[in-house]
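Only one structure is covered here, and it is reproduced in the block below.
In this chain, numbering begins with 1 at the start of the sequence shown.
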Amino acid sequence: MTYKTIPMAPAKKIALVAHDNKKRDLVEWAKYNRGSLARHRIFATGTTGGLLERELDLPIVKLQSGPLGGDQQIGARIVDNEIDFLIFFWDPLEQQAHDPDVKALLRMAVVWNIPTACDRATADFMISSPLMDQPYDRLVPDYDTYRRRLLPNDVEAAVAAPTAAPVRGKK
């Protein structure tokens, strides 16, 4: 497989997301790391964004609440290279009504190779990394081959397509 690079600027675009039982943990973590977060652009889903904005006194790009599509909005922004990092304090002990959206969001983070933290310890290591405030070239698979692939119906149509028969003249 071939890879391409996607440059990340020194000021990262960070998505902060938390399930209800983890919002307090995320807000405490963000307050502790406010100085570091202030150097970056912050995105958040619904209620979490409002809490963070109030507690940090920083501008937050607020999207919809997770169950109302916010997780999918974050995933779409990852695909469009509008988010470089995902910090998602999810609750592993509580079933969520929007679990498929959560799984899709985490899948997009892996597909597009963005750093992802799902707990405080990992988020601490990420935010304190020397790479955090430097340019970084993120490697992602070159998906162009995947985009140009023939789909089963295309293959069947190509095989079934009649070839041009020679035109026969009248005698």
Side-chain angles (χ1 to χ4, degrees), residues 4 6-129 131-133 136 138-144 146-147 149 151:
K4 65 180 185 177
I6 296 177
M8 293 167 63
K12 306 298 187 283
K13 300 165 285 192
I14 304 171
L16 300 178
V17 182
H19 282 149
D20 287 347
N21 290 342
K22 296 293 183 173
K23 288 187 191 319
R24 174 177 282 178
D25 293 342
L26 181 64
V27 168
E28 287 174 7
W29 177 86
K31 284 170 66 172
Y32 182 81
N33 290 288
R34 185 195 182 283
S36 296
L37 290 171
R39 296 190 298 271
H40 305 282
R41 187 163 184 216
I42 308 300
F43 297 78
T45 52
T47 310
T48 303
L51 291 170
L52 289 167
E53 195 169 58
R54 185 177 70 233
E55 293 292 326
L56 301 178
D57 193 31
L58 292 174
I60 308 287
V61 178
K62 294 181 293 296
L63 305 170
Q64 291 292 324
S65 173
L68 299 177
D71 297 331
Q72 291 180 351
Q73 286 179 303
I74 297 281
R77 287 178 184 237
I78 290 169
V79 171
D80 290 339
N81 196 32
E82 295 174 14
I83 290 183
D84 300 318
F85 265 73
L86 174 62
I87 297 175
F88 185 177
F89 284 15
W90 61 278
D91 187 349
L93 301 178
E94 192 73 32
Q95 187 172 0
Q96 304 294 323
H98 63 292
D99 272 343
D101 299 337
V102 171
K103 184 177 179 183
L105 171 57
L106 294 172
R107 181 176 173 276
M108 287 301 97
V110 172
V111 166
W112 293 99
N113 193 30
I114 69 163
T116 304
C118 293
D119 57 54
R120 190 172 187 146
T122 307
D124 285 340
F125 274 83
M126 281 176 32
I127 198 83
S128 64
S129 167
L131 298 173
M132 194 66 195
D133 295 317
Y136 179 80
R138 183 166 40 99
L139 286 177
V140 296
D142 186 348
Y143 292 117
D144 286 342
Y146 182 79
R147 290 182 184 109
R149 75 194 185 288
L151 298 175

When you look at CZ of Arg34, are more than 12 heavy atoms from neighbouring residues, nucleotides or ligands closer to it than 6.0 Å?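 Enclosed.
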More than 12 heavy atoms of other groups within 6.0 Å of Arg39 CZ: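 Counting other residues, nucleotides and ligands, CZ of Arg39 exceeds 12 neighbours.
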Distance alone, cut at 3.5 Å: any donor-acceptor contact between the side chains of Asn33 and Ser36? no
Taking the side chain as C-beta and beyond, is there a heavy-atom pair between [X] and [Y] under 4.5 Å?
X	Y	result
Leu86	Leu106	yes
Trp29	Asp124	yes
Thr45	Asp71	yes

Rounded to the nearest 0.5 Å, what's the gap from [atom1] on [X] to [atom2] on [Y]? Could you check?
X	Y	atom1	atom2	result
Met8	Leu131	CE	CG	9.0 Å
Asp133	Ser128	CG	OG	10.5 Å
Ile87	Ile42	CD1	CD1	7.5 Å
Leu52	Leu37	CG	CG	8.5 Å
Leu26	Leu51	CG	CG	9.0 Å

Tell me if a side-chain donor or acceptor on Lys22 pairs with a main-chain N or O of Trp90 at a distance below 3.5 Å. no
Where the side chain of Gln64 meets the backbone of Gln73, is there a donor-acceptor pair that is under 3.5 Å apart? no
Closest approach of Ala44 and Gly49, non-hydrogen atoms and distance?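 Smallest heavy-atom distance, with atoms named: CB-CA, 3.5 Å.
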Locate the shortest heavy-atom distance separating Ala117 from Ala123; write the atom from each residue and the value. CB-N, 3.5 Å
Scan residues 106-126 for pairs that pass ring pair (Phe, Tyr, Trp, His ring centres under 6.0 Å), counting only residues two or more places apart or in two chains. Trp112-Tyr143
The single option from Lys23, Arg24, His19, Arg120 that satisfies side chain to side chain contact (heavy atoms under 4.5 Å, CB included) with Phe89 is Arg120
Side chains of residues 53-63: which donor-acceptor partners sit under 3.5 Å, not counting sequence neighbours?
residue	atom	partner	partner atom	Å
Glu53	OE1	Lys62	NZ	2.7
Glu53	OE2	Lys62	NZ	3.1
Glu55	OE1	Lys31	NZ	3.3

Validation: residues 75-85 side-chain donor-acceptor distances under 3.5 Å, sequence neighbours left out:
residue	atom	partner	partner atom	Å
Asn81	OD1	Arg138	NH2	2.9
Asp84	OD2	Lys13	N	3.0

